[in-house]
Amino acid sequence: MSIGESLADARRRAGLSVSQVSQQTRIRESIIRDIEQGDFSACGGDFYARGHIRSIAAAVGADPAPLISEYDAEHGPPQAMRAADVFEPSRPIKIRERRSPRLGLIVALVLLAIIGYSAYRLVSRHDDKSSHNLAAISTTHSPTPKPTHTPTATPTPSATPTDVVINVDAAREDCWVQLTRASDGSQIYEGVIAAGTSMTWTEKEKVDIRLGNPGGITLTVDGKRQSIKTVFPVTLSFSPQTGSASAAQSG
């Protein structure tokens with residue numbers, strides 16, 4: 001029995017329609033029907049085809065492992081991917097061009113920006129001049145204060161937050177990873193972690209990590225394995241705490 005026949009048979013046994021499976025997996029009905037007929041051309045590539053098989057199998061109660069193995073046997077094992085392959089389908093998608101804003105609007109915005117900047121500089125210079133005059137008057141007429149003895153307070157050392165240690169272990173499949181700082185969005189790492197390898201980062205501030213294939217990796221934060229309940233690309237946030245890390249998961 002082929003992959004598509006196995007999925008279709010499991011769907012019928014589960015009492016689900018193609019529309020219901022589409023709602024659960026967020027995969028278009030036309031793609032689900034093509035997969036059940038053994039046609040994976042509409043998936044957008046092997047990476048997405050494996051993800052669709054895994055999602056549909058989970059929805060209909062089938063074991064995805066033998067189906068993925070059968071797909072690999074027919075189409076070849078997973079290959080190393082570029083970052084663009086994760087979020088761009090192999091078949092081109094036509095995107096309607098946006099109309100450029102009118103030239104007059106752009107000129108008006110530029111003029112407003114110039115006027116605002118000039119007004120800011122003028123006010124800043126006026127404030128600086130006033131402050132300088134007040135300082136000169138205070139120096140000329142203010143009596144010299146008598147020295148007083150003030151006890152020096154010993155500053156209390158603040159608690160130093162611990163680092164957050166993140167490890168991505170691509171034990172089974174390749175996974176595209178992007179790690180950025182949450183404070184300003186600056187990129188720390190972007191690339192594909194090949195199957196059978198792992199990478200570790202130690203950061204001192206809150207970071208966001210984007211996983212292209214969360215179902216194929218094991219994520220560990222501060223030595224604790226994280227539970228990721230999705231096979232679709234997901235973004236997670238981790239903050240250094242005093243001895244622990246917190247995470248916020250989003251699709």
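Start at 1 with the first residue, then count along the sequence.
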Could you tell me whether the side chain of Val168 reaches within less than 4.5 Å of the side chain of Tyr189, counting heavy atoms only? no
Salt bridge or not for Arg11 and Glu36, using N-O below 4.0 Å? yes
If you round to the nearest 0.5 Å, how far is CZ of Arg12 from CG of Leu7? 10.5 Å
Is there a side-chain contact between Trp176 and Pro233 (heavy atoms, below 4.5 Å)? no
With side-chain contact (heavy atoms from CB on, under 4.5 Å) as the test, would you mind laying out the steps for Asn213 and Asp174 before giving the verdict? CA-CA 7 Å; Asn213 180 22; Asp174 295 349; 6.0 Å; no
Nearest-0.5 Å distance that lies between atom CD1 in Ile188 and atom CD1 in Ile166: 8.0 Å
Inter-residue atom distance Cys43.SG - Arg50.CZ, 0.5 Å rounding: 11.0 Å
Side-chain heavy atoms nearer than 4.5 Å, only ILVMFWY residues, links allowed to pass through others: does that put Phe232 and Ile68 together? no
Side chains of Ser19 and Gln23 in contact at under 4.5 Å (non-hydrogen atoms): yes
Does the side chain of Ser237 reach to within under 4.5 Å of the side chain of Asp208, using non-hydrogen atoms? yes
Single-linkage hydrophobic cluster, 4.5 Å side-chain cutoff, Phe47 and Ile56 together: no
Shortest non-hydrogen contact between Ala10 and Ala62, atoms and distance: CB-CB, 4.0 Å
I would like to know whether Ile3 and Phe40 meet side-chain contact (heavy atoms from CB on, under 4.5 Å); could you show each step before the answer? CA-CA 11 Å; Ile3 298 173; Phe40 298 92; 4.2 Å; yes
Answer whether the closest heavy-atom distance between the side chains of Val177 and Leu211 falls below 4.5 Å. yes
Side chains of Asn167 and Ser198: does their closest heavy-atom pair fall under 4.5 Å? yes
Acceptor/donor pairs from residues 178-185 side chains to any protein atom, 3.5 angstrom cut, sequence neighbours excluded:
| residue | atom | partner | partner atom | Å |
| --- | --- | --- | --- | --- |
| Arg181 | NH1 | Ser186 | OG | 3.3 |
| Ser183 | OG | Glu205 | OE1 | 2.9 |
| Asp184 | OD1 | Ser186 | N | 3.1 |
| Asp184 | OD1 | Ser186 | OG | 2.9 |

Does any part of the side chain of Glu203, heavy atoms only, come nearer than 4.5 Å to the side chain of Pro240, both counted from C-beta? no
For the hydrophobic clusters of this structure (ILVMFWY residues joined by side-chain heavy atoms under 4.5 Å, transitively), does one cluster hold both Val234 and Trp201? yes
Chi angles and distances behind the side-chain contact (heavy atoms from CB on, under 4.5 Å) call for His52, Ile31: CA-CA 9 Å; His52 291 342; Ile31 295 179; 4.0 Å; yes
Between the CD1 atom in Ile53 and the CD1 atom in Ile27, the distance rounded to the nearest 0.5 Å is 10.0 Å
Geometric class of the Tyr71/His75 ring pair [parallel <30°, tilted 30-60°, perpendicular >60°]: parallel
Point-to-point distance, once rounded to the nearest 0.5 Å, from CZ of Arg33 to CG of Asp39: 13.5 Å
Find the distance between CE (Met199) and CD1 (Ile217) and round it off to the nearest 0.5 Å. 13.0 Å
